[in-house]
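Position 1 is the first residue of the sequence; numbering continues from there.
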Amino acid sequence: MKKAKVTLNILAVISFLFGALYCFTLVFIPIGVYCFAAGKLFSYKAEHMLDSYTADKKTLTRYFIFVAIACFPLGLVSGLAYLFLYGNNVKVEELNYIKITDVSPEEKQASTEAETEVNEEVKEEAKEESKEEKPQEETEEEKLEKLAKLENFKKKGIISEEEFEMAKEQMFGKKED
């Protein structure tokens, strides 16, 4: 925070000096007025650093850019002020670390072998489960019950004649005339 305060004060002085120089030319008075406004803003922010300076980030950034261009080369100090104000201010309060140890080749080989054994067991279990999950063929009685339900649906108008015939062909196969 101290660096930002110092650079903002320096930037305020530079802005006031260049503002006075621009006003003496009479042609560039508007630029001088903006330099005075920037100087006033910078000096205010230097004194009131804790008053939510991040809320004015857009305004300050625009003035930093203006001063960098209008007060070249001294105005480039505004880049430093921007970095001090809005740079990555990370504070490390607690440092945790993990100790990484070297693994011997024998331990590495043993862990790889254990992984392959586990993988083979998982594959075998998956094969057994897939064999058990195969759908069993429907009996003739179950097929006839489904056909009766389909006929009931056809009578009620839920399915059409074509849909009934297609379902019947899927269950019993095609009729040979």
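Linking ILVMFWY side-chain heavy atoms closer than 4.5 Å, directly or via other members, places I31 and F24 in two distinct hydrophobic clusters. Both F42 and V6 sit in one connected hydrophobic cluster of ILVMFWY residues. Membership requires side-chain heavy atoms under 4.5 Å apart, directly or through other members. Transitive grouping of hydrophobic side chains (ILVMFWY, heavy atoms separated by less than 4.5 Å) brings F28 and Y63 into a common cluster. No chain of hydrophobic side-chain contacts below 4.5 Å, direct or via other Ile, Leu, Val, Met, Phe, Trp or Tyr residues, connects F36 to F66.
Within a 6.0 Å radius of CD in E141, other residues, nucleotides and ligands contribute 12 heavy atoms or fewer.
R62 CZ to L41 CG: the interatomic distance, rounded to the nearest 0.5 Å, is 12.5 Å. In this structure, OH in Y44 is found 13.0 Å from CG in L8, a value given to the nearest 0.5 Å. Within the model, atoms NZ of K45 and OG1 of T59 stand 9.0 Å from one another, a figure rounded to the nearest 0.5 Å. The CD atom of Q170 sits 10.5 Å away from the NZ atom of K146 when rounded to the nearest 0.5 Å. Note that CD1 of I158 and CZ of F164 are 13.5 Å apart. Values are rounded to the nearest 0.5 Å. Atoms CD1 and CG, on I14 and N9 in that order, are 11.0 Å from each other to the nearest 0.5 Å.
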Would you list the atom pairs, donor with acceptor, under 3.5 Å between side chains in residues 67-76 and any protein atom, with sequence neighbours excluded?
none

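In this structure the side chain of Y22 never reaches within 4.5 angstrom of the side chain of P30, judged on heavy atoms. Counting heavy atoms from C-beta outward, K168 and L150 have side chains that stay 4.5 Å or more apart. With a 4.5 Å cut-off on side-chain heavy atoms, L21 and T25 do not count as touching.
At least one donor-acceptor pair under 3.5 Å links the side chain of E163 to the backbone N or O of S160.
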